[in-house]
Amino acid sequence: MIIRTLEELKGGPREVAAANWTSTRLLLREDGMGFSLHDTTLHAGTVTEMHYINHLEAVYCIEGEATIRELPGGAEHRIVPGTMYALDQHDHHELRVTKDLRVICVFSPPCCGRETHDERGAYPLLE
């Protein structure tokens, strides 16, 4: 059984930050679950373009507000607490955050821990 708290992971090697977001990785590939689990906050006023070509991702919003836009030039959807979206087709998208957005993210295959977005907006497959 794995038991962890967000507080014990904050500031340690499982907390990763970029200009637009901070993510605490609760479960990683080394934990052997077949997926990774992240508690991520995206900062208000930011726009992040993502395209997870190497991963599938499901996202559940627990705080904040944003708009997700399907790219290129696709539909827009409002993201508020209680909203889930799944990038089941490696969907290229843009997230425009209007109020600090806290989400729980699940990645398959699991992330290793230190990933940040590359120039395509993807997480690389790390070994």
Side-chain angles (χ1 to χ4, degrees):
M1 183 179 297
I2 300 168
I3 306 289
R4 294 190 175 110
T5 68
L6 190 60
E7 284 309 310
E8 73 188 43
L9 299 177
K10 291 263 185 204
R14 286 182 179 241
E15 184 176 76
V16 178
N20 295 3
W21 50 266
T22 302
S23 181
T24 303
R25 279 74 192 275
L26 298 159
L27 290 171
L28 294 169
R29 185 174 70 186
E30 68 188 35
D31 296 313
M33 295 292 295
F35 59 88
S36 58
L37 180 67
H38 309 193
D39 185 317
T40 300
T41 299
L42 294 105
H43 309 301
T46 63
V47 178
T48 306
E49 184 175 333
M50 295 168 271
H51 191 190
Y52 293 118
I53 59 175
N54 299 312
H55 298 84
L56 296 175
E57 181 192 25
V59 178
Y60 182 68
C61 176
I62 57 176
E63 293 177 17
E65 188 172 309
T67 302
I68 188 169
R69 183 168 63 102
E70 299 173 33
L71 296 174
E76 290 190 6
H77 311 276
R78 188 168 174 244
I79 306 299
V80 294
T83 305
M84 184 282 304
Y85 63 90
L87 305 169
D88 62 334
Q89 301 295 314
H90 304 278
D91 308 89
H92 190 184
H93 63 289
E94 175 184 86
L95 199 60
R96 186 175 301 274
V97 182
T98 51
K99 192 187 291 185
D100 278 358
L101 188 73
R102 186 169 169 217
V103 292
I104 303 300
C105 309
V106 177
F107 284 90
S108 177
C111 293
C112 293
R114 302 305 300 167
E115 291 90 344
T116 58
H117 299 109
D118 66 15
E119 67 281 350
R120 299 167 297 176
Y123 282 162
L125 282 177
L126 299 179
E127 296 300 320

Distance check, rounded to the nearest 0.5 Å: [X] atom [atom1] versus [Y] atom [atom2]?
X     : Y      : atom1 : atom2 : result
Thr41 : Asp100 : OG1   : CG    : 7.0 Å
Glu94 : His51  : CD    : NE2   : 13.5 Å
His43 : Thr48  : NE2   : OG1   : 9.0 Å
Lys99 : Leu42  : NZ    : CG    : 15.0 Å
Thr22 : Glu15  : OG1   : CD    : 6.0 Å
Ile68 : His93  : CD1   : NE2   : 4.5 Å

Would you find a donor on one side and an acceptor on the other, under 3.5 Å apart, between the side chain of Thr98 and the backbone of Glu65? yes
Just by distance, do the side chain of Arg25 and the backbone of Pro13 share a donor-acceptor pair under 3.5 Å? no
Does a side-chain heavy-atom distance below 4.5 Å link [X] with [Y]?
X     : Y     : result
His77 : Glu70 : yes
Leu95 : Trp21 : no
Arg78 : Thr83 : no

[Y] reachable from [X] in the ILVMFWY side-chain graph, under 4.5 Å edges:
X      : Y      : value
Tyr60  : Val97  : no
Ile104 : Met84  : yes
Met50  : Val47  : no
Leu26  : Val106 : yes
Tyr85  : Val103 : yes

Donor-acceptor list for residues 31-40 side chains, cut-off 3.5 Å, not counting sequence neighbours:
| unit_1 | atom_1 | unit_2 | atom_2 | d |
| --- | --- | --- | --- | --- |
| Asp31 | OD1 | Arg4 | NH1 | 3.4 |
| Asp31 | OD1 | Arg4 | NH2 | 2.9 |
| Asp31 | OD1 | Arg14 | NH2 | 3.4 |
| Asp31 | OD2 | Arg4 | NH1 | 3.2 |
| Asp31 | OD2 | Arg14 | NH1 | 3.2 |
| Asp31 | OD2 | Arg14 | NH2 | 3.3 |
| Asp31 | OD2 | Leu28 | N | 2.8 |
| Ser36 | OG | His38 | NE2 | 2.9 |
| Ser36 | OG | Cys111 | N | 3.0 |
| Asp39 | OD1 | Arg102 | NE | 3.0 |
| Asp39 | OD2 | Arg102 | NE | 3.3 |
| Asp39 | OD2 | Arg102 | NH2 | 2.6 |
| Thr40 | OG1 | Ser23 | OG | 2.8 |

Taking the inter-plane angle between the rings of Tyr52 and Phe107 on a 0 to 90° scale, is it parallel (under 30°), tilted (30 to 60°) or perpendicular (over 60°)? perpendicular
State whether the number of non-hydrogen atoms from other residues, nucleotides or ligands found under 6.0 Å of Arg96 atom CZ is greater than 12. no
Write down the atom of Glu63, the atom of Pro81, and the distance for their closest heavy-atom approach. CA-CG, 3.9 Å
Closest heavy-atom contact between Leu101 and Cys61? CD1-SG, 3.6 Å
